[in-house]
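Heads up, the thing below is written out as structure tokens.
Bear in mind that the values here come from a model prediction, so they are computed numbers and not experimental data. Throughout, a chain's letter reflects where its sequence line sits, starting with A, and its residues are numbered from 1.
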Number of protein chains: 4
Amino acid sequence: MQPGKTAGKTAEAKRPRTRTQAVNREIILEAALSVFAKHGLRGSTVDQIASEAEMSKPNLLYYFRRKQDIYRALLEATLDAWLEPLAAIDPDGEPVEELRRYISAKLDLARRRPEASRLFANEILSGAPVVEDFLKGPLKALVDEKAAIVRGWVGEGRLAPVDPHHLIFAIWATTQHYADFDVQIRALLGTQVDGPGFSDQAAQAVLTIILSGVRPRD
Amino acid sequence: MQPGKTAGKTAEAKRPRTRTQAVNREIILEAALSVFAKHGLRGSTVDQIASEAEMSKPNLLYYFRRKQDIYRALLEATLDAWLEPLAAIDPDGEPVEELRRYISAKLDLARRRPEASRLFANEILSGAPVVEDFLKGPLKALVDEKAAIVRGWVGEGRLAPVDPHHLIFAIWATTQHYADFDVQIRALLGTQVDGPGFSDQAAQAVLTIILSGVRPRD
Amino acid sequence: MQPGKTAGKTAEAKRPRTRTQAVNREIILEAALSVFAKHGLRGSTVDQIASEAEMSKPNLLYYFRRKQDIYRALLEATLDAWLEPLAAIDPDGEPVEELRRYISAKLDLARRRPEASRLFANEILSGAPVVEDFLKGPLKALVDEKAAIVRGWVGEGRLAPVDPHHLIFAIWATTQHYADFDVQIRALLGTQVDGPGFSDQAAQAVLTIILSGVRPRD
Amino acid sequence: MQPGKTAGKTAEAKRPRTRTQAVNREIILEAALSVFAKHGLRGSTVDQIASEAEMSKPNLLYYFRRKQDIYRALLEATLDAWLEPLAAIDPDGEPVEELRRYISAKLDLARRRPEASRLFANEILSGAPVVEDFLKGPLKALVDEKAAIVRGWVGEGRLAPVDPHHLIFAIWATTQHYADFDVQIRALLGTQVDGPGFSDQAAQAVLTIILSGVRPRD
DNA sequence: TATGAATGAGCGTTCATTCAT
DNA sequence: GATGAATGAACGCTCATTCAT
């Protein structure tokens, strides 16, 4: 899957021509991600991003002419990364194992790119003005396809009877929660969140809970 | 539990002295909730709230002197409502039944006051600047207390072995997801979200998944 | 001399009809004086005055319909009080004695009503928008009359040769300085300003300096 | 003496980096001086200053981020200019001659920069919120030092017995009066104020009056 | 590429004043 | 007399964006 393909209405993203361009665009995107993740599109200012990117505001706007353009580019990259593991669910695989792989992949994304998760959460909370079309189009298509697979597994008795869409929601909810509500989790658990075992512990818990709910009783 | 008690640093919330005050403050809070839920504190403008409340901006500020005051009042009310069912978990009750009740209560809140959930999500995403102290203080205390109860149940074999904190996170994640990611869910499921059976269906799914994960295997 | 007579364009000062009216108007004027003296007409707010007068804003505006009205009333009263000792200079008196009396009277006013002095200073600094006509009319007439007297005294050799207008300015400057620059004087002299002898000491110095400058050398 | 040195709490006065910066900052300061001199800090608006500087409001704020910053810069420059001649009073000089020089210098400042004098007067009238520390610190130190010199002269019989501090106040009062009460003086003297001889006449009068008061009688 | 300079629109908040009771 | 409620106009300041170099 190519970046910038999935999210539909691709902004006239000027392709980087030079090395400097590519580097600076990357710097800007990284800086903007951390700002947008916290305050959303409207609550973030170009000044903050420029400051975070250690760049002058006009120079930043030389690379991305509008604030929205940076925001859109970030969302597109995020969606691309998120769809990949979902698309990888194999109808011919072992159901629980396939779900375990998907959950693990999502948890891994939440751990490695928590700000991307928060960026997306912000976008959805604010009514999905930018990704609405993408949700209703490509995402819905993919989700429906995978839901059908799950429904097939349930029909075959290889999964406990569970609504496929709600299962997917539960996976999204639990995995993304660790990124989106990171501040709350830190407030409740303190420094142990940064301890070495925390990720595994969280993964273990999520997998246990979700997979127990879908593993067929015999 | 009294409104405005839980969230600590209560702004000098001038109690309404007249009928008009009470009515208008309520109108403003309702309007502000729908705005803040979408765009957070920084992304929302007093103009938007005033317009939503069908009130002039200075008149709105006659009731709440600062934008922050409205925001804080809303968060406090939300936290109060959210803590009640958690506090109600009874150590002497039947474990799965207690959890079922808590999950149902949270789902009910998500259904009846989805904007409050989004308001809170926005606050957390932006780093919890307002509720940080509350999270680290009263909430942590309550959560630790309830986690101990769960841990006790697990020790007695009345629940499957699961980390209590992560279980709580999973409950929060799955229940609030229906409010916070409502737009995404609608994009994926279409009009059926507004159908009569949807809430029950969602509740059924969440309860099935979570409770299967904690019900002890024998 | 009647209050409100001197300053020309007398505002439609509704005469107090009742006891309460008279009392409240006096309270307001006293409160407003302390506010206007510090921040001038534009820099002062009705809220400040109302708060200082321990009165609600609408109630205050019931007595004086506009901020300007209070300001004007205060200026008029001040000018009345100030002109009296100047008018009292007697052409048939002993020159140095007459000046001593005038200087003493002005120093006394500065000591008893320093805020009135600051109010007037503020008005002049801001271009005398309210008292301009009064300055050019009644005040000029009176000053010219007294200057003529002084000039006569100089002509008769009863005073050292000094320009009468500049002499008056010097008197005004030195006497009002103790009220207008009170904060500066306190910063430089510390608590001794409030000591019992300070006024006398200041009076002594001013009288010495000014009168030595005008006492005829023989 | 360096500008911005005397007044203590120097705002992070970003030194002009470019030609345009230097020019525009100067334009703004000049415009602001004429506005602040009339209405003080609170009574003045950024709009007025911008309009006076023939500049858009945001552009003005591009050079000085806050209204206070302009105000402070102006006060610092004024204080620097004012202290110089006071500091120049020479203990080894001829007393009356030293005082004459100081008075002349102050009169010259009042004539050349009357608005600076009014700016300062406004600041003092409003309670010296910005220069309070400066008054109590550096200014008090310098004044006390010079007062000691004067006291020495008096002790040696080279000056008439006069309180040194009150002498300084009298000099300040009379010299600054021509700037601070300019409007009043014009109202009383008419066009002659702009005549060629007026400054000399005023200087003559002030010097005569003050110096006669201090010249030792023999 | 990069930056200094500039601006129209807007934002949170204050203010003088009015209205209704 | 006195107060709660309401508002148009500002005010200090910020923001996204543009322009010139």
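Contact annotation: A:R65 side-chain N/O to F:dA16 OP1/OP2 distance is not under 4.0 Å. The phosphate of F:dG4 (OP1 or OP2) has no side-chain N or O of B:Q21 nearer than 4.0 angstrom.
Put simply, CE on A:M55 is 13 Å from C1' on E:dT3, counting in whole angstrom units. Between the CZ atom of C:F64 and the P atom of E:dT18 there is a distance of 16 Å, given to the nearest Å. Rounded to an integer number of Å, the gap from CD1 of D:I27 to C1' of E:dA5 is 13 Å. Counting to the nearest Å, the C1' atom of F:dT3 and the CG atom of C:N24 are 14 Å from each other. Distance, A:L60 CG to F:dT18 C1': 15 Å, rounded to whole Å. One atom, CZ of B:R25, and another, C1' of F:dA5, lie 14 Å apart when rounded to the nearest Å. The distance between atom OH of C:Y63 and atom P of E:dA16, rounded to the nearest whole Å, is 20 Å. Summarising the geometry, the separation between NZ on D:K57 and C1' on F:dA9 is reported as 12 Å, rounded to the nearest angstrom.
Each of D:R19 and D:R42 lies near DNA chain E, and the nucleotide nearest D:R19 is the one positioned closer to the 5' end. Ranked by how close their nearest DNA chain F nucleotide is to the 5' end, A:T45 and C:T20 are led by C:T20.
In the set F:dC13, F:dC15, E:dA2, the nucleotide with an atom closest to the side chain of D:K67 is F:dC13. Among the nucleotides F:dA16, E:dT13, E:dT7, the one closest to the side chain of D:S56 is E:dT7. Checking E:dA2, E:dT18, E:dT14 against the side-chain heavy atoms of B:R66 singles out E:dT14 as nearest. Checking E:dT14, F:dA5, E:dA5 against every side-chain atom of A:P58, the shortest atom distance belongs to E:dA5. Here the side chain of C:D47 is nearest to one of F:dA2, E:dC15, F:dA5, namely E:dC15. Listed nucleotides: F:dC11, F:dT7, E:dA5. Nearest to the side chain of D:N59: E:dA5. Taking only side-chain atoms of D:L61, from C-beta outward, the nucleotide of F:dC13, E:dA16, F:dC11 with the closest atom is F:dC13. For B:Y62, counting side-chain heavy atoms from C-beta on, the closest listed nucleotide (E:dA2, F:dA5, E:dT1) is F:dA5.
Remark: F:dT21 base-pairs with E:dA2. Criterion, Watson-Crick or G-U wobble with two distances under 3.5 Å. Across all strands shown, E:dA16 is found opposite F:dT7 as a Watson-Crick or G-U wobble partner, with both distances under 3.5 Å.
Side-chain atoms of A:S51 never come within 3.5 Å of backbone atoms of A:D47 as a donor-acceptor pair (strictly under, hydrogens ignored). Counting only distance, with no hydrogens or angles, the side chain of D:K38 and the backbone of D:S44 share no donor-acceptor pair below 3.5 Å. With B:K67 contributing its side chain and B:T45 its backbone, the two residues share no donor-acceptor pair below 3.5 Å.
Test A:F36, A:F120, A:F64 against A:Y71 for ring pair (Phe, Tyr, Trp, His ring centres under 6.0 Å) and you get one pass: A:F36.
Under 4.0 Å is where a charged nitrogen must lie from a carboxylate oxygen, and between B:R113 and B:E30 at least one such pair does. No salt bridge links D:E123 with D:R42; every basic N to acidic carboxylate O contact stays at or beyond 4.0 Å.
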